[in-house]
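Working notes, beginning with the structure itself.
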Amino acid sequence: MSNTERRRILVTSALPYANGPIHLGHLVEYIQTDIWVRFQKMQGHECYYVCADDAHGTPIMLRAKQEGIEPEQLIKRISEEHQADFSEFLIDFDNYYSTHSDENKTLSAGIYTALRDAGHINKRSIHQAYDPVENMFLPDRFVKGTCPKCGTDDQYGDNCEACGTTYDATELKNAVSVISGATPIEKASDHYFFKLADFTDMLNSWLNEGHLQEETANKVKEWMQDELREWDISRDAPYWGFEIPDAPGKYFYVWLDAPIGYMASFKNLCDKNNIEFDDFWKPGGNTELYHFIGKDIVRFHALFWPAVLTGSGYRTPDNIFVHGFLTVDGQKMSKSRGTFIMARTYLEQLQPEYLRYYFAAKLSNGVDDIDLNLEDFMQRVNSDIVGKVVNIASRCAGFIKKKFNGQLSAELPAPDLFKEMTDASEKIAGLFESRKYNQAIREIMALADKANQYIDDEAPWVKIKNEDTVAEVQAICTQGINMFRVLVAYLKPVMPALAEGSEAFLNCDAINWSDISKPLLSHEISQFKPLMTRIEKEKIDAIIEASRQNLSTQAAAISGPLADDPISDEIEFDDFAKVDLRIARIIKAEHVKGADKLLQLTLDLGGATRNVFAGIKSAYAPEELEGKLTVMVANLKPRKMRFGMSEGMVLAAGPGGKDLWILNPDDGAQPGMKVK
RNA sequence: GCCCCUGUAGCUCAGUUGGUUAGAGCAACCGACUCAUAAUCGGUAGGUCGAGUGUUCGAGUCACUCCGGGGGCACCA
């Protein structure tokens with residue numbers, strides 16, 4: 001690597017939104033980026049990794065209000081939480097900042113002004129839902145009402161979840177503002193638009209210059225086939241953001257100043273560390289710029305952002321690395337299943353490097369989703385890292401320490417094998433560089449297998465017992481420990497703390513990519529301590545349990561019958577047919593002496609009568625029931641209860657207590673009829 | 001409704017421009033070993049490559065249809 005040029009690289013991850021905590025889904029991206037940046041730095045390149053909280057927008061404004069604090073206080077608190085999470089996950093930003101900063105304000109205003117002066121900004125009036133109580137315009141998702149098409153209640157202002165119709169928030173019937181409950185009115189307002197279509201040619205050529213992964217480029221080209229509409233970049237007061245310089249009462253839409261936050265965070269770093277900002281952001285700077293993002297925000301980064309940058313005299317990114325979403329056990333993260341796992345919840349139970357390793361083992365350079373399979377996670381980490389890699393050091397260290405005073409031998413007994421391992425360096429580096437971490441990990445683990453095989457073949461535990469061969473043990477273990485060191489070097493971008501612990505054990509300087517080919521010889525190592533322990537199943541269970549509990553303590557938790565009580569496993573028709581359901585008339589209902597929950601029902605099946613005890617006392621008075629038709633399971637095996645024989649079961653729905661409703665057939669059904 | 005991605009051993013994934021008996025790791029099973037955090041080493045078994053049809057001398061690899069999973073769009077960016 002010494003003969004290659006020292007690259008100058010600026011890297012960003014997407015800015016987390018400052019209204020909630022970091023979860024495992026977020027971490028896919030930060031871990032992916034951090035690995036790449038650590039790798040670049042290990043190569044000796046000049047690489048900066050900047051990020052920031054995305055601190056503007058309506059949701060933050062409203063949340064602060066709800067908590068009775070100023071937005072500044074809210075974003076400060078959230079930023080501290082975010083940074084604590086990132087730091088513990090060993091995400092090593094060179095700078096972590098906020099979009100609510102002087103630098104960002106200046107840069108946003110400058111970019112806007114440049115766009116305006118070049119004629120890329122258009123101003124026109126639009127109509128929008130307006131909350132007359134709160135005196136603010138309402139984004140679609142802050143209006144709810146009845147669908148104008150199908151009449152379903154409680155639908156958002158953009159489309160109906162029941163019938164799928166899309167409409168304007170102003171078309172909703174009985175519309176209410178989610179914020180105040182007031183009926184929104186329609187109101188006109190001037191908005192500022194970015195004329196994206198001005199950049200059609202520029203974008204078309206940019207898209208063909210190989211800046212994007214193929215799949216991403218295809219997606220963006222698909223969007224380019226339609227005419228590029230103007231992008232609304234302004235919002236009316238009250239809004240939490242930056243006021244537009246020449247438009248009092250108008251603010252930049254959060255998505256305008258968010259990516260500029262990348263620049264602002266870097267500007268902040270430059271000012272602290274004497275880095276030339278323009279080298280990285282003006283055209284022709286001989287530097288590289290990369291954004292790591294999720295596939296949900298491709299539009300902003302691959303369409304608007306290059307256009308905005310070009311229109312205001314800045315450079316465009318060299319690439320936008322798009323990754324997929326995280327699923328857990330093959331399904332979308334779910335609060336009710338306990339798989340919506342917060343970074344903090346994870347950290348309370350497990351070490352960050354387990355997850356860093358697992359993600360690395362799964363991540364490719366594609367946009368496919370990756371799955372966190374919890375069983376696989378545990379097995380994989382335990383067997384790869386603890387069983388294979390760390391085990392090499394563990395099984396050699398004892399001999400060296402006890403028998404040879406911690407001294408490594410002066411030569412390697414198997415230099416060819418060592419060379420084979422260091423020769424893999426270029427291939428593995430190429431895989432890290434191209435973000436095929438999964439392949440890199442596979443290569444590294446194959447080498448770890450080789451190391452263990454070598455030790456097994458040499459059997460130092462046998463040779464140590466023989467006078468003639470005892471001297472060989474020192475060399476064998478020196479070989480083993482040096483192979484371990486190479487593996488740690490390869491894994492260092494992924495597992496920096498393991499590397500640090502290993503450096504202490506090896507009693508050597510920080511390992512870099514360039515010095516792996518020089519083995520440690522005639523060198524004293526330190527006492528071996530377990531560098532990493534196994535993942536215990538209980539810890540994973542605890543994470544799931546804690547994530548479930550988060551659910552119940554969160555006000556806005558998603559719940560409902562389906563979430564609380566998911567649909568059971570699929571059955572065959574024959575299974576259903578075994579259940580004989582009949583219409584029954586309740587001809588008599590009475591209290592049962594000594595029973596807290598039961599009512600005794602006499603049911604007429606159109607000829608036969610049945611005596612049934614039903615646990616519905618909490619919801620019904622006997623007199624309410626007499627004469628009613630309902631549905632019963634007629635062929636249920638009679639069951640002896642404390643108060644007598646119960647010959648069937650009436651059907652009811654609901655969580656229990658007062659909330660319990662028996663089934664009622666529609667008019668016309670007669671006692672005894674089969675339900676099918 | 002339209003469009004994109006995806007579906008390979010129990011699990012996680014590789015499978016190059018279609019070409020001989022479909023690969024790896026983990027798990028399972030058998031054996032060896034005991035230095036090591038019950039780790040390691042050797043071996044065995046396990047797949048009609050989601051289903052079907054087609055193109056071809058030949059298809060996991062191409063085309064079409066269907067099914068399952070993920071996502072995008074339907075004037076919201």
Side-chain angles (χ1 to χ4, degrees), chain A residues 126 139-141 156-159 164-169 193-194 196 214-216 218-223 225-227 229-233 235 253-256 294-300 303-304 322 324-327 329-332 358 361-364 366-403 436 438-439 441-446 448-465 473 476-477 480 528-536:
Chain A
I126 64 164
D140 287 345
R141 47 177 295 225
Y156 284 109
D158 46 2
N159 69 298
T165 311
T166 54
Y167 40 72
D168 263 4
F193 293 83
F194 173 60
L196 184 61
E214 208 184 321
E215 4 359 0
T216 308
N218 287 341
K219 175 61 76 183
V220 178
K221 283 176 188 169
E222 202 179 298
W223 292 330
Q225 283 168 11
D226 300 330
E227 198 188 343
R229 275 181 285 127
E230 295 185 339
W231 178 34
D232 187 349
I233 57 162
R235 293 294 185 269
Y253 174 46
V254 56
W255 261 111
L256 181 80
K295 63 186 181 182
D296 52 330
I297 53 175
V298 169
R299 195 182 194 98
F300 294 103
L303 214 52
F304 300 147
V322 182
F325 295 145
L326 179 71
T327 55
D329 284 342
Q331 292 181 290
K332 262 201 270 193
Y358 191 70
K362 305 290 284 270
L363 276 166
S364 73
V367 300
D368 302 331
D369 292 349
I370 67 166
D371 184 45
L372 168 60
N373 181 292
L374 294 168
E375 185 71 24
D376 185 52
F377 167 59
M378 184 178 76
Q379 284 174 352
R380 185 100 190 241
V381 171
N382 286 348
S383 107
D384 286 4
I385 299 303
V386 183
K388 287 182 181 178
V389 176
V390 173
N391 182 49
I392 298 165
S394 176
R395 66 196 305 201
C396 291
F399 292 118
I400 292 288
K401 203 70 198 171
K402 276 181 243 157
K403 300 285 180 175
K436 297 173 186 166
N438 54 349
Q439 291 184 41
I441 294 296
R442 210 172 307 141
E443 293 290 331
I444 295 166
M445 286 310 135
D449 285 341
K450 286 215 156 98
N452 274 310
Q453 283 159 21
Y454 167 81
I455 296 167
D456 237 66
D457 289 345
E458 296 296 334
W461 56 93
V462 175
K463 291 183 175 171
I464 200 79
K465 291 172 187 156
V473 173
I476 292 162
C477 292
F528 178 82
K529 295 182 207 119
L531 294 165
M532 180 146 286
T533 52
R534 309 171 74 76
I535 300 178
E536 292 155 10

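- Ring geometry, A:Phe300 versus A:Trp255: the interplanar angle falls under 30°, so the pair is classed parallel (tilted spans 30 to 60°).
- In this structure, NZ of A:Lys450 is placed 17 Å from P of B:U40, rounded to the nearest angstrom.
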For residues 453-460 of chain A, which side-chain N or O atoms pair as donor and acceptor with protein atoms under 3.5 Å away, sequence neighbours left out?
{"from": "A:Asp456", "atom 1": "OD1", "to": "A:Arg395", "atom 2": "NH2", "distance (Å)": "3.2"}
{"from": "A:Glu458", "atom 1": "OE1", "to": "A:Lys463", "atom 2": "NZ", "distance (Å)": "2.8"}

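- Note: CD1 (A:Ile444) to C1' (B:G25) measures 14 Å, nearest angstrom.
- Checked against salt bridge (Lys or Arg N to Asp or Glu O under 4.0 Å), A:Asp369 has the following partners two or more places apart in sequence or in another chain: A:Lys295.
- To the nearest angstrom, P of B:C13 lies 14 Å from CG of A:Asp384.
- At whole-Å resolution of the value, CG in A:Asp371 and C1' in B:G70 are 11 Å apart.
- Pairing analysis of RNA chain B (Watson-Crick: purine N1 to pyrimidine N3 plus N6-O4 or O6-N4; G-U wobble: N1-O2 and O6-N3; both under 3.5 Å) yields stems of 3 or more pairs at B:1-7 with B:67-73, B:10-13 with B:23-26, B:28-32 with B:40-44, B:50-54 with B:62-66.
- Rounded to a whole angstrom, the distance from the C1' atom of B:C75 to that of B:C13 is 41 Å.
- OP1 or OP2 of B:C26 sits under 4.0 Å from a side-chain N or O of A:Lys388.
- Straight-line distance from the CD atom of A:Glu375 to the C1' atom of B:A28: 13 Å, rounded to whole Å.
- The A:Trp461 side chain lies nearest to B:U34 when the options are B:U12, B:U37, B:U34.
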